[in-house]
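Here the structure comes first, spelled out in C-alpha cells, and everything after it is commentary.
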Amino acid sequence: MLPAFVVTGFLGSGKTTLLVRAAREHFGGKRVAVLVNEIGEVGVDGKVLQNVYSSVVELAEGCICCSLHAEFEKGIKEIREKYDPEVLLVETSGAAEPFPVMLSLQSLGCSIEGVICVVDAKNFEKYKNESTARYQIGGSNIVVINKVDLVDAQRCDELEKEIKKIWEEYSIRNVFTGERIFSYLRVYRTSFGQLPAEVFEGIFVLDDLSKYTQPSPAHQHQHRVAEQVIQFPQPLEYDKLVDLLKNLPADVIRVKGIVRIANMKNPVIVNYAFGLWDIGEEIPSYRGSSFLVFIKRGGVQA
Ligand SMILES: Nc1nc2c(ncn2[C@@H]2O[C@H](COP(=O)(O)OP(=O)(O)OP(=O)(O)O)[C@@H](O)[C@H]2O)c(=O)[nH]1
C-alpha cells in the first residue's frame, strides 16, 4: 500500500505553504510525489511545489472531488508508474471536499495516513459559513489552525472550540449505524504550516472507507466561486501591482499568480487572500508569461 496524505482547506488557508514546509522538514530522502488540483485553468501551486518536490502532477481546470474524478484516478496511476513514490501527497483545490478523494485513493491501493484540513485563523470568520469549508473540516482527522501569527491565543482557543463543534456536526458517519468514521480529531496550531514530525509518521491512518455506504458529499457539492485569469505581456510596475491588490472589489476573495516585475531578476509569486497580500517568493525556473488568477465568491458553478 502506498501511504498517502490529503491536504484540504479553504481558499488561501495555507495548504501549499504547509506542503512546501513539509518537503523541507519531514520528507528529506524519501521519494515523494505530489498531485495538486486547482479550480482554474492555470495552476500556481504546482509551480511552487515543483521548487521543492521533483515529482509533481497538476490537475487543473476542474475539481477532483467531482468533475475530474476520472482524471484524478488516471493521474494517480500515472504518478505510481512514472515515479514509484514512497509517499503520495494530494493537495485538493480550496473548493473541493476531501471525502470522494479519500475513497478514490483507497480504491487505488493507497493507505490514507492523514487528512489534513488547514484553517486560516485570521480569515475563518469570513468563510466559515461556506458549506464546503465545513465539509472540509468534517472530512478530516487532523485540523491545522494556521496563521496563528496573525491572531492572539484567546482567538485560537475560540477557534479551536468552534472547529471541534463543526467537526462533530459535519464529520462523516456510517449511515447505518450513525457511527463516526474518524474516531478522533487532532488539532494543531501553526504558523506557515510548521508541523511536528508525528503528523507524517503514519500514526493517523484511516480505516478502509469502502465498507461505509454514505453517499459522497460531492453529490450535493457546488462551487460557489468563479475565477478569471489575466495575462500580462509586459513586466508590471511594483507600485501598480500593490495598488491593484489594495483596491480589489470585495467579492474577490483570492488572487494568486506568477508575475515579472520591472527591475526584478526573477518572476515572483503574488498571493492575496481575504485582504492580506504578499508579493515575494521568487520562482527562477518559471519561463511562462505573467498571470494572475482572480477568484470571486458567489460565481457560477464550476
Ligand atoms: N501570516 C501568515 N501568512 C501565511 C501563513 N501560511 C500561509 N500564509 C500566506 O497565505 C497565502 C496563501 O497561502 P497558500 O499556501 O498559497 O494557500 P493555499 O491554501 O495553498 O491556497 P489555494 O490553493 O489558493 O486554496 C500566502 O501569501 C502565504 O504566504 C501563516 O501561517 N501566516
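Small disclaimer: the values here were computed from a predicted structure and weren't measured. Order of appearance sets the numbers: ligands from 1, and atoms from 1 within every ligand.
Side chain to side chain, Arg189 and Asn146 fail the donor-acceptor criterion of an N or O pair below 3.5 Å.
For the atom pair CZ (Phe72) and CG (Leu105), the distance works out to 4.0 Å, reported to the nearest 0.5 Å. Once rounded to the nearest 0.5 Å, the distance linking CG of Leu292 with CG of Asn271 reads 10.5 Å.
Ligand 1 places these atoms under 4.0 Å from at least one heavy atom of Gly14: 13 (O), 14 (P), 15 (O), 17 (O), 18 (P), 19 (O). Close approach to Lys256 involves these atoms of ligand 1, each under 4.0 Å from a residue heavy atom: 22 (P), 23 (O), 24 (O). Distances below 4.0 Å separate heavy atoms of Leu150 from the following atoms of ligand 1: 1 (N). Near Ser191, meaning under 4.0 Å from any of its heavy atoms, are these atoms of ligand 1: 31 (O).
Among all protein heavy atoms, the one lying closest to atom 31 (O) of ligand 1 is Phe192 N, 2.5 Å. Among all protein heavy atoms, the one lying closest to atom 18 (P) of ligand 1 is Lys15 N, 3.5 Å. Here the protein heavy atom with the shortest distance to atom 12 (C) of ligand 1 is Gly12 O, 3.5 Å. In this structure, atom 28 (C) of ligand 1 lies nearest to the protein heavy atom Thr17 OG1, 3.8 Å. The nearest protein atom to atom 10 (O) of ligand 1, hydrogens excluded, is given as Lys147 NZ, 3.2 Å; this is a heavy-atom distance. The nearest heavy-atom contact from the protein to atom 27 (O) of ligand 1 is Asn271 CB, 3.0 Å. What sits closest to atom 21 (O) of ligand 1 on the protein, heavy atoms only, is Arg254 NH2, 3.0 Å.
Contacts between Asp278 and ligand 1, counted as non-hydrogen atom pairs separated by less than 4.0 Å, involve the side chain only. Residue contacts with ligand 1, taken as heavy atom pairs separated by less than 4.0 Å, do not involve Ile295 at all. With a heavy-atom cut-off of 4.0 Å, Glu91 touches ligand 1 through its side chain alone.
The ring-ring contact (aromatic ring centres under 6.0 Å, His included) test with Tyr135 is passed by exactly one of Trp167, Tyr170, Phe99, Phe10: Tyr170.
By the 4.0 Å N-to-carboxylate-O rule, Glu160 lies close enough to Lys164 to be salt-bridged with it. Under a 4.0 Å N-O distance rule, the pair Lys165/Glu162 does not qualify as a salt bridge.
Remark: the backbone N or O of Glu86 is not paired with any side-chain donor or acceptor of Lys30 at under 3.5 angstrom. When atom types are taken as modelled, the side chain of Thr8 and the backbone of Thr92 share no donor-acceptor pair closer than 3.5 angstrom.
The option with the heavy atom closest to atom 6 (N) of ligand 1, from among Asp149, Asn146, Thr190, is Asn146.
Using a 4.5 Å heavy-atom cutoff, the side chains of Glu113 and Met1 are not in contact.
For an aromatic pair to be called close, the ring centres must be under 6.0 Å apart, and Phe200 with Phe5 satisfies this.
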